[in-house]
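Numbers here are sequence positions counted from 1. All figures in this text were calculated on a predicted structure; none of them were measured in a lab.
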Amino acid sequence: MSKYTKEDIYRMIEEEDVEFIRLQFTDLFGSLKNIAVTTSQLERVLDNKIAFDGASIEGFVRIEKSDLFLHPDIDTFCIFPWRPQHGKVARFICDVYYADGTPFAGDPRYILKKVIKEADEMGYRLEVGPECEFFLFHTDDQGRPTTVTHEEAGYFDVGPMDLGENARRDMILTLEEMGYVVETSHHEDAPAQHEIDFRYDEALKTADGIMTARLAVKTIAKRHGLHASFMPKPLSGVNGSGMHINMSLTKGDVNVFYDPESPIHLSQEGYYFIGGIMKHIRAITALTNPLVNSYKRLVPGYEAPVYIAWSATNRSPLIRIPAMNDARQRIELRSPDSAANPYLALAVCMAAGLDGIRNRILPPENVDANIFAMSDEELTERGIECLPGNLLEAVNALEADPYICDVLGPHATRRFIRSKKKEWEEYRAAVSNWEIERYLSRI
């Protein structure tokens with residue numbers, strides 16, 4: 001049931017002195033887009049009559065069938081706290097449709113909605129709690145982003161060591177003013193690195209919240225004279241930025257992952273969910289780690305997972321079962337990074353877990369030792385495989401997994417794979433500073 005009615009929207013816009021409305025949507029690669037209209041167009045907005053040229057959005061449609069329409073989800077209405085108090089700016093998050101009223105197959109929000117519907121038909125609801133990490137860097141004299149910071153703070157440090165503390169506080173207050181609940185926040189391990197953790201919510205609301213958080217974090221950072229970067233690995237020699245995804249399934253108000261009789265309080269359905277994710281994880285990685293740069297984070301020595309394994313006692317594997325002895329039991333997937341399109345990442349993770357439950361896919365034996373300390377022989381003996389080592393490996397794994405491709409649908413699969421292979425070829429042809437510094441003077 002909707003939180004708002006059309007009448008509520010008209011009333012709030014008048015009472016709050018809103019003059020501009022932004023109609024937001026997310027492209028296939030996780031970039032937030034929008035069209036702005038004045039409130040004089042509100043009737044057209046609510047009647048789904050605002051169109052745009054889909055051919056101008058990468059990965060959407062060809063020019064011969066380019067007219068797409070924005071259908072606002074009125075429950076996503078909120079007012080931007082950082083805009084003027086008179087003549088305010090509000091937003092709707094929108095679904096994308098063809099002119100004939102059918103959903104656009106390349107809309108990431110639609111792809112997630114399809115998986116949510118499938119879960120609902122099985123009696124489940126996916127709830128997700130994301131851990132969003134990012135860096136706060138200085139800008140140059142022209143306001144362009146740099147990777148420079150004067151900060152030397154580390155994990156859980158406080159001000160005055162944590163020079164971004166005030167900016168992070170304002171980000172949280174802004175997000176809460178927009179209706180999002182932030183459970184915790186803290187300085188992360190690397191200098192200038194921060195984390196904001198959101199309260200568990202339904203999958204679609206969580207994905208909407210991640211996109212909103214990225215916008216709010218970048219906007220507030222700029223007001224503090226800083227640049228917020230969600231790039232997975234902007235600096236060598238320190239940890240990169242992940243986006244751990246904590247997941248649980250509920251039936252009604254019951255967390256089906258919780259079993260008080262299990263040694264680790266994880267139910268049989270929870271084991272199957274892990275089994276499904278591990279079965280499809282190499283394909284999933286193309287969506288959860290979608291950049292060339294993503295694989296600079298997924299290397300040994302920097303806490304990010306490299307090996308396909310799970311554990312209830314340590315943080316080196318891909319999947320961790322947190323030490324919960326109550327109905328908050330969850331599964332933490334530690335590989336996703338902050339560049340992932342949250343709609344696609346949640347869609348494929350959820351679909352893989354449902355595949356595990358549907359087909360009773362058991363995971364391999366858990367690994368409670370530090371995997372990073374194991375020899376190659378020990379890894380082979382235990383049957384522990386690696387995540388893809390680069391973007392091309394991940395895309396090839398996606399191409400070879402018909403189940404995950406079917407979750408995305410033919411339209412999104414073709415365009416995503418084509419674009420990512422092009423990105424890889426451009427990267428492969430580029431000459432890096434590392435190569436210049438290593439080879440130019442000695443060869």
Side-chain angles (χ1 to χ4, degrees), residues 1-26 30 32-37 39 42 45-46 70-95 108-109 112-113 116 125-132 134 167-185 194-223 228 230 243 245-248 250 253 338 341-343 346:
M1 181 177 291
S2 293
K3 179 171 65 174
Y4 297 131
T5 64
K6 288 185 178 182
E7 290 71 25
D8 291 331
I9 300 299
Y10 278 106
R11 176 181 51 78
M12 289 188 290
I13 282 178
E14 183 176 355
E15 289 177 354
E16 295 291 338
D17 187 30
V18 174
E19 288 191 2
F20 285 91
I21 302 170
R22 290 191 176 184
L23 306 177
Q24 298 180 335
F25 62 99
T26 300
L32 189 65
K33 307 290 184 180
N34 83 194
I35 293 175
V37 299
T39 52
L42 182 58
V45 168
L46 296 179
L70 296 174
H71 290 207
D73 180 341
I74 63 173
D75 284 348
T76 65
F77 175 84
C78 73
I79 296 169
F80 289 148
W82 57 81
R83 301 301 295 175
Q85 291 304 300
H86 299 288
K88 296 177 183 177
V89 179
R91 75 92 197 269
F92 292 105
I93 294 176
C94 300
D95 296 304
R109 202 167 188 261
L112 177 56
K113 279 184 165 184
I116 291 171
R125 182 178 75 250
L126 179 71
E127 295 195 344
V128 184
E131 303 174 19
C132 300
F134 56 92
R168 194 174 70 242
R169 180 198 62 211
D170 288 350
M171 292 165 187
I172 293 164
L173 293 175
T174 297
L175 287 165
E176 293 204 329
E177 192 173 344
M178 297 175 77
Y180 296 97
V181 179
V182 175
E183 286 200 330
T184 61
S185 71
H194 302 264
E195 177 175 316
I196 296 177
D197 301 335
F198 290 87
R199 188 179 70 181
Y200 259 67
D201 212 331
E202 296 177 2
L204 186 65
K205 291 181 181 178
T206 295
D208 288 341
I210 292 170
M211 293 305 300
T212 301
R214 290 177 184 173
L215 175 63
V217 165
K218 284 181 171 290
T219 300
I220 302 306
K222 190 172 184 180
R223 290 197 161 192
F230 291 90
M243 186 178 68
I245 299 175
N246 297 276
M247 298 173 281
S248 60
T250 61
D253 295 327
S338 299
N341 181 327
Y343 300 103
L346 295 187

*Asks:* Which heavy atom in A207 sits nearest to a heavy atom in P342, and how many Å separate them?
*Replies:* O-CG, 3.8 Å
*Asks:* Around K205, counting heavy atoms of other residues, nucleotides and ligands shown, do more than 12 lie under 6.0 Å from its NZ?
*Replies:* no
*Asks:* C132 versus F198: any side-chain heavy-atom pair under 4.5 Å?
*Replies:* yes
*Asks:* Closest approach of R214 and S338, non-hydrogen atoms and distance?
*Replies:* NH2-O, 2.9 Å
*Asks:* Taking K33 for the side chain and F25 for the main chain, is one N or O donor matched with an acceptor at less than 3.5 Å?
*Replies:* no
*Asks:* Output the distance between atom CD1 (I245) and atom CD (E131), rounded to the nearest 0.5 Å.
*Replies:* 10.0 Å
*Asks:* As a quick check of understanding, evaluate side-chain contact (heavy atoms from CB on, under 4.5 Å) for D201 and Y180, giving each step before the final call.
*Replies:* CA-CA 10 Å; D201 212 331; Y180 296 97; over 6 Å; no
*Asks:* Shortest non-hydrogen contact from T174 to A216?
*Replies:* CG2-CB, 4.5 Å
*Asks:* Please check: side-chain N/O of T250 versus main-chain N/O of D253, any donor-acceptor pairing under 3.5 Å?
*Replies:* no
*Asks:* Counting only heavy atoms not in R199, do more than 12 fall under 6.0 Å of its CZ?
*Replies:* no
*Asks:* Compare all side-chain heavy atoms of I116 with those of E202 and state whether any distance is below 4.5 angstrom.
*Replies:* no
*Asks:* Charged N to carboxylate O under 4.0 angstrom, D170 versus R223?
*Replies:* no
*Asks:* Give the ring-plane orientation class for F92 versus F77, where under 30° counts as parallel, over 60° as perpendicular and anything between as tilted.
*Replies:* tilted
*Asks:* Which of these passes side-chain contact (heavy atoms from CB on, under 4.5 Å) with V18: V89, I79, L42?
*Replies:* I79
*Asks:* State, with a plain yes or no, whether a side-chain heavy atom of T26 is found less than 4.5 Å away from one of R109.
*Replies:* no
*Asks:* Sort out for me which residue in N34, T76, T212 forms a side chain to side chain donor-acceptor pair (under 3.5 Å) with R91.
*Replies:* T212
*Asks:* Please name the pair of heavy atoms, one in G30 and one in N341, separated by the smallest distance, quoted to 0.1 Å.
*Replies:* N-ND2, 3.4 Å
*Asks:* Return yes when atom NZ of K113 has more than 12 non-hydrogen atoms of other residues, nucleotides or ligands closer than 6.0 Å, and no otherwise.
*Replies:* yes
*Asks:* Does E14 CD have over 12 foreign heavy atoms under 6.0 Å away?
*Replies:* no
*Asks:* How long is the span from the CG atom in D95 to the CG atom in L70, to the nearest 0.5 Å?
*Replies:* 9.5 Å
*Asks:* Go through the steps for I13 and I21 under the test side-chain contact (heavy atoms from CB on, under 4.5 Å), then give the verdict.
*Replies:* CA-CA 9 Å; I13 282 178; I21 302 170; 3.8 Å; yes
*Asks:* Between atom OH of Y4 and atom CD1 of I74, what is the distance when rounded to the nearest 0.5 Å?
*Replies:* 9.5 Å
*Asks:* Using side-chain heavy atoms (C-beta onward) and a distance below 4.5 Å, is W82 in contact with M178?
*Replies:* yes
*Asks:* So, for T206 and V128, which heavy atoms are closest and what is the spacing to 0.1 Å?
*Replies:* OG1-O, 3.2 Å
*Asks:* To the nearest 0.5 angstrom, please state how far the CD atom of E177 sits from the CG atom of L173.
*Replies:* 8.5 Å
*Asks:* State, to 0.1 Å, how close L175 and A213 come at their nearest heavy-atom pair, and which atoms those are.
*Replies:* CD2-CA, 3.7 Å
*Asks:* Verify the distance criterion only: is there a donor paired with an acceptor across the side chains of D197 and T184 at less than 3.5 Å?
*Replies:* yes
*Asks:* So does K88 pair up with D17, basic N to acidic O under 4.0 Å?
*Replies:* no
*Asks:* Decide yes or no for H194 and V217: does some side-chain heavy atom of the first lie under 4.5 Å from some side-chain heavy atom of the second?
*Replies:* no
*Asks:* Are K222 and T219 close enough that some pair of their side-chain heavy atoms sits under 4.5 Å apart?
*Replies:* no
*Asks:* Say you draw a straight line from OH of Y10 to OG1 of T39; how long is it, rounded to the nearest 0.5 Å?
*Replies:* 10.5 Å
*Asks:* Going from OH on Y343 to CG on D208, what distance comes out if it is rounded to the nearest 0.5 angstrom?
*Replies:* 3.5 Å
*Asks:* Under 4.5 Å between any side-chain heavy atoms of F230 and M243, yes or no?
*Replies:* no
